[in-house]
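What follows is a set of notes on a single structure, which appears directly below.
Start at 1 with the first residue, then count along the sequence.
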Amino acid sequence: MDAEYDLIVVGAGSAGMTAAIVAHTKGLRVLLLEKTRQVGGTSAVSGGACWVPNNHFQKAQGVEDSVDRAMTYLDTVVGTDVGREQRGVYLRRAPEAVKYLEEVSELVMPARPFTPDYSSDVDGAQNHGRVMVTRNFDGSLLGKRFNDLRPPYPENCLFGTAMVDGPDLAHLLNARRSIRSAWHAAKFIAHHAVDRLRHPGYRRGSRLTTGNAMVARLYKTILDRGIPLVFGANVADLLAEDGKVSGVVLDRPERMTVRARFGVVLATGGFPANTALRRAHLQAPAGDNFTAASQDNTGDGIGLALARDAAFDTRNLNGAFWCPVSIGKRSDGSVVHFPHLIGDRPKPGLIAINRHGKRFTNESEPYHVFVQAMLTGDQLPAYLVCDTRFIRRFPFGITRPFPFSLRRHKASGYLLSGRTIEELAQAIGVDTSTLRTTVDRFNDDSRRGVDREFGRGSTIYQRNLGAPDIKPNPSLAPLERGPFYAIRIEPGDIGTIHGLATDADSRVLDGSGNVIEGLYACGNDRASVMGGAYPAGGITLGPSLTFAYLAALDAARKAGNLVAKSPREDTETEDTETRERA
């Protein structure tokens with residue numbers, strides 16, 4: 001490392017790498033610091049989706065959308081004015097940010113043609129094209145740097161090493177019912193086998209999907225641009241001079257100071273693995289560490305900023321992006337906090353019950369809403385329950401459908417079972433007659449296609465996550481065929497919402513609302529702009545990339561170094577900034 005750079009970025013997840021790339025394209029000398037030995041953070045195990053209304057792919061597909069329509073949707077579902085002004089900034093600047101990243105980096109994010117917003121039936125909702133998902137990537141293009149990538153959950157990979165995308169999963173699950181799907185599955189397995197033989201030094205397959213593809217594409221750009229990235233870099237303190245953050249102090253064998261002429265960007269992933277901050281700012285029992293986010297995200301950036309009098313913003317209605325989590329054990333003895341997002345919970349033939357053996361919510365609701373129901377009233381412990389027909393067809397937590405064995409998961413206690421509903425009730429520890437009544441009522445509703453208790457399968461979003469071959473309601477199927485199975489779930493999360501107070505340019509604010517010069521925060525280090533809600537898939541990564549982009553632009557403006565921009569781009573940016581400040 002040199003003694004001085006124009007901009008220092010702390011954290012090499014999607015937000016940090018975005019800030020570094022954008023700043024570099026504007027002519028700044030950038031240093032990227034990562035405390036672990038791998039890039040990617042929680043982004044690497046995410047779905048790799050960004051929610052970007054009115055994006056350029058929508059327009060190419062002939063889909064009509066607008067900032068006003070998206071804001072109407074957010075006003076309807078968020079439930080608070082907290083962050084509303086910056087939500088507007090996000091909606092206006094996100095299409096620009098993603099398009100710019102596609103122009104200057106390896107990132108490619110087509111819009112999914114049909115992906116409903118989570119509250120798909122309210123005013124302003126859109127069912128087409130707002131969700132942009134990273135295109136698959138050939139990880140072998142990283143060469144010997146491939147193993148620098150944080151791996152995905154092995155539970156989300158075939159054989160623990162082969163990443164699958166949406167079409168792959170659909171074909172794999174349908175391989176016993178369709179010749180076309182069986183052929184797809186056979187080709188998939190053959191290609192993976194060849195890939196493993198071709199790259200023996202890689203710890204897994206090189207075909208990357210979802211969030212792993214996103215971080216790989218950004219990392220490829222970091223490497224191609226020659227942006228220095230230091231692994232194992234623990235930042236002990238921020239250097240402050242004359243009321244301005246002007247560098248970092250690294251905790252190495254000997255302390256080392258590195259200066260930053262135009263600022264420091266904090267992008268360390270929030271505080272999901274910091275027990276003290278969780279218990280202080282998240283409601284019990286979610287204060288316990290039931291996070292599916294990276295265990296390396298311990299609030300480092302937030303702690304550095306708070307030591308420099310930054311404000312910690314807790315006004316959002318929730319402190320974390322909730323997700324039910326089950327705690328399992330891998331064959332190597334390691335523990336996994338598995339997030340129950342959309343792979344099992346919304347599928348027909350599964351119910352969620354509380355400690356009394358009763359259903360307590362609509363199982364097909366978004367994961368954030370589902371956990372809010374878990375945290376309301378006397379629900380815990382809670383369980384997901386299914387029958388043999390379900391577990392042979394769909395993934396169930398960390399178990400895999402037929403022909404994979406369930407033996408290890410039963411032996412570890414992760415998977416509870418009973419030949420009858422009554423035996424399962426005894427294994428779980430709930431009243432047998434109550435659970436029998438619950439299942440009988442649900443089965444009757446499933447046959448009718450109408451969930452009288454919670455309205456499951458009543459929206460486009462919920463039906464889209466079901467099974468299209470199940471009639472009359474793709475979200476409902478009875479639990480009839482034993483043995484029956486259950487998994488205990490905890491109120492977990494996929495990241496934190498509370499964070500550092502910032503302005504529209506991601507500049508960190510102090511307790512009086514004044515800008516701390518030279519200090520930026522993006523990703524989950526800054527407070528979410530969504531008010532504590534989770535209105536659509538991609539509302540974490542979308543703002544992460546966008547506000548990292550805006551932070552880098554602000555640092556470049558300070559440097560007075562916009563040589564990479566055309567006169568037309570300069571004019572457009574100035575006009576946008578003028579409107580926003582007005």
Residues 341-360 vs ring pair (Phe, Tyr, Trp, His ring centres under 6.0 Å), sequence neighbours excluded, gives Phe360-Phe370

message: More than 12 heavy atoms of other residues, nucleotides or ligands under 6.0 Å from CZ of Arg177: yes or no?
response: yes

Mind listing the side-chain donor-acceptor pairs of residues 108-117 below 3.5 Å, one per line with the distance, residues two or more places apart or on another chain?
{"unit_1": "Asp117", "atom_1": "OD1", "unit_2": "Trp51", "atom_2": "NE1", "d": "2.9"}
{"unit_1": "Asp117", "atom_1": "OD2", "unit_2": "Gln126", "atom_2": "N", "d": "2.9"}
{"unit_1": "Asp117", "atom_1": "OD2", "unit_2": "Arg130", "atom_2": "NH1", "d": "2.7"}

query = So, Glu96 and Arg93, do they make that salt bridge, N to O below 4.0 Å?
reply = yes

(Q) Checking the side chain of Asn316 only, and the main-chain atoms of Gly531 only, is there a donor and an acceptor separated by less than 3.5 Å? (A) yes

Residue pairs meeting side-chain hydrogen bond (donor to acceptor under 3.5 Å, both in side chains), one or both in residues 381-392, sequence neighbours left out, come to Arg389-Glu480

By side-chain hydrogen bond (donor to acceptor under 3.5 Å, both in side chains), Arg150 pairs with (sequence neighbours left out) Asp296

| In terms of side-chain geometry, is the basic nitrogen of Lys220 or Asp138 positioned less than 4.0 Å from the acidic oxygen of its partner? | no

Could you pull out every donor-acceptor pair under 3.5 Å between side chains of residues 181-188 and any protein atom, sequence neighbours left out?
{"unit_1": "Ser181", "atom_1": "OG", "unit_2": "His171", "atom_2": "ND1", "d": "2.9"}
{"unit_1": "His184", "atom_1": "NE2", "unit_2": "Asp168", "atom_2": "OD1", "d": "2.9"}

What one should report as the nearest heavy-atom pair of Ile353 and Ile351 is CG2-CD1, 3.8 Å

For His191, the side-chain hydrogen bond (donor to acceptor under 3.5 Å, both in side chains) test, sequence neighbours excluded, returns none

Scanning both residues in full, the closest heavy-atom pair of Tyr202 with Gly139 reads OH-O, 4.4 Å

Hits for side chain to side chain contact (heavy atoms under 4.5 Å, CB included) against Ser417, two or more places apart or cross-chain, chain-then-number order -> Lys410, Tyr485

Taken in chain and number order and not counting sequence neighbours, the residues that satisfy side-chain hydrogen bond (donor to acceptor under 3.5 Å, both in side chains) with Thr496 are none

Ring pair (Phe, Tyr, Trp, His ring centres under 6.0 Å) pairs touching residues 443-482, sequence neighbours excluded, are Tyr118-Tyr461

Hits for side-chain hydrogen bond (donor to acceptor under 3.5 Å, both in side chains) against Arg180, two or more places apart or cross-chain, chain-then-number order -> none

Taking every heavy atom of Ile489 against every heavy atom of Pro324, the minimum-distance pair comes out as CD1-CB, 4.2 Å

Tested for salt bridge (charged side-chain N to carboxylate O under 4.0 Å, His left out) against Asp451, the lone hit among Arg456, Arg441, Arg359 is Arg359

Ring pair (Phe, Tyr, Trp, His ring centres under 6.0 Å) pairs touching residues 323-352, sequence neighbours excluded, are Phe338-His340

Is Arg393 salt-bridged to Asp469, cutoff N-O under 4.0 Å?
yes

Heavy-atom closest pair (Lys329 atom, Gly333 atom, distance to 0.1 Å) is CG-O, 3.8 Å

| message | Would you say CZ of Arg408 has more than 12 non-hydrogen atoms from neighbouring residues, nucleotides or ligands within 6.0 angstrom? | response | yes

So the salt bridge (charged side-chain N to carboxylate O under 4.0 Å, His left out) pairs with at least one residue in residues 420-437 (sequence neighbours excluded) are Arg419-Glu423, Glu422-Arg436, Arg436-Asp440

